[in-house]
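Input: a single structure, listed below in structure tokens.
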Amino acid sequence: DDVAIAKLTEALASLESQAQGTNKTQTSQSLKRGMKCPTGIRSMTGIGRISEAFPDAKLIVGVRHPVWFFQSFYNYRVTEMHDRNETNVIVPAAETLVGSTDWRAVSTDFAQFEY
């Protein structure tokens, strides 16, 4: 989705600027950088952007139990809302996000990893 691609593009730009500012005493091979952007690899567009920006990139994928993933993502979105002081937003009960019904991209369908 467009929001995920925008976040991925921003993260890639940040990594590129860090790489350009690398201390000259460290080689680029001794200094490792990374990013965590789970939504960035959900589409071929995101994977393509990573590949274009960092052709030698290594991809490490961690897979969580779908229920734990859902719980963590739900809690993250609630915390994010409070951090932004969004007091006018009603947080739906987690039980209402079963299937494709989503709130801020949180749904049980999003926690399914098989394709």
Side-chain angles (χ1 to χ4, degrees):
D1 99 316
D2 293 339
V3 174
I5 296 300
K7 287 181 181 180
L8 175 63
T9 301
E10 182 180 315
L12 290 172
S14 174
L15 282 174
E16 286 181 291
S17 68
Q18 289 175 20
Q20 291 172 357
T22 301
N23 184 335
K24 299 300 180 194
T25 60
Q26 290 182 311
T27 66
S28 61
Q29 295 185 346
S30 68
L31 184 61
K32 306 294 182 198
R33 290 182 182 77
M35 66 180 203
K36 178 183 175 188
C37 187
T39 56
I41 61 169
R42 289 188 69 88
S43 73
M44 290 308 294
T45 304
I47 294 170
R49 291 212 178 149
I50 293 170
S51 173
E52 288 172 14
F54 300 97
D56 297 327
K58 305 289 188 269
L59 182 64
I60 300 171
V61 178
V63 179
R64 296 176 82 176
H65 187 283
V67 173
W68 296 345
F69 173 84
F70 174 82
Q71 177 185 26
S72 175
F73 195 33
Y74 179 84
N75 291 337
Y76 168 75
R77 289 297 195 204
V78 171
T79 301
E80 178 183 56
M81 184 192 71
H82 287 289
D83 288 348
R84 293 180 179 171
N85 203 23
E86 296 176 3
T87 56
N88 60 338
V89 177
I90 297 172
V91 178
E95 299 84 27
T96 65
L97 303 174
V98 175
S100 61
T101 303
D102 75 287
W103 170 72
R104 298 186 178 205
V106 178
S107 74
T108 56
D109 277 3
F110 194 67
Q112 292 181 358
F113 302 113
E114 70 278 351
Y115 284 96

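As the structure is a computational prediction, the values presented were derived from the model and not from experiment.
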**Item:** Trp103 and Val89: CA distance, side-chain angles, deciding distance, side-chain contact (heavy atoms from CB on, under 4.5 Å) verdict
**Value:** CA-CA 11 Å; Trp103 170 72; Val89 177; 4.1 Å; yes
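- Taken to the nearest 0.5 Å, the CD atom of Gln71 stands 8.5 Å off from the CZ atom of Arg64.
- No continuous path of hydrophobic side-chain contacts links Val98 to Val78 [ILVMFWY only; heavy atoms under 4.5 Å].
- One N or O on the side chain of Thr79 and one on the backbone of Asn75 form a donor-acceptor pair closer than 3.5 Å.
- In this structure, CZ on Phe69 lies 11.5 Å from OH on Tyr76, to the nearest 0.5 angstrom.
- No continuous path of ILVMFWY side-chain contacts below 4.5 Å connects Phe110 to Trp68, so the two sit in separate hydrophobic clusters.
- The stretch residues 95-108 participates, sequence neighbours left out, in these salt bridge (charged side-chain N to carboxylate O under 4.0 Å, His left out) pairs: Glu86-Arg104.
- Comment: Arg77 engages Glu80 in a salt bridge, judged by a side-chain N to carboxylate O separation of less than 4.0 angstrom.
- Across all non-hydrogen atoms, the minimal contact from Leu97 to Pro92 is CD2-CG, 4.2 Å.
- Closest approach of Ala93 to Thr96, counting heavy atoms only: O-OG1, 2.6 Å.
- Ring planes of Phe70 and Tyr74: parallel class, angle under 30° (limits at 30 and 60°).
- If you take OG on Ser72 and NE2 on His65, they are separated by 14.0 Å, rounding to the nearest 0.5 Å.
- Thr108 places a side-chain N or O within donor-acceptor distance of the main-chain N or O of Gly99, the cut-off being under 3.5 Å.
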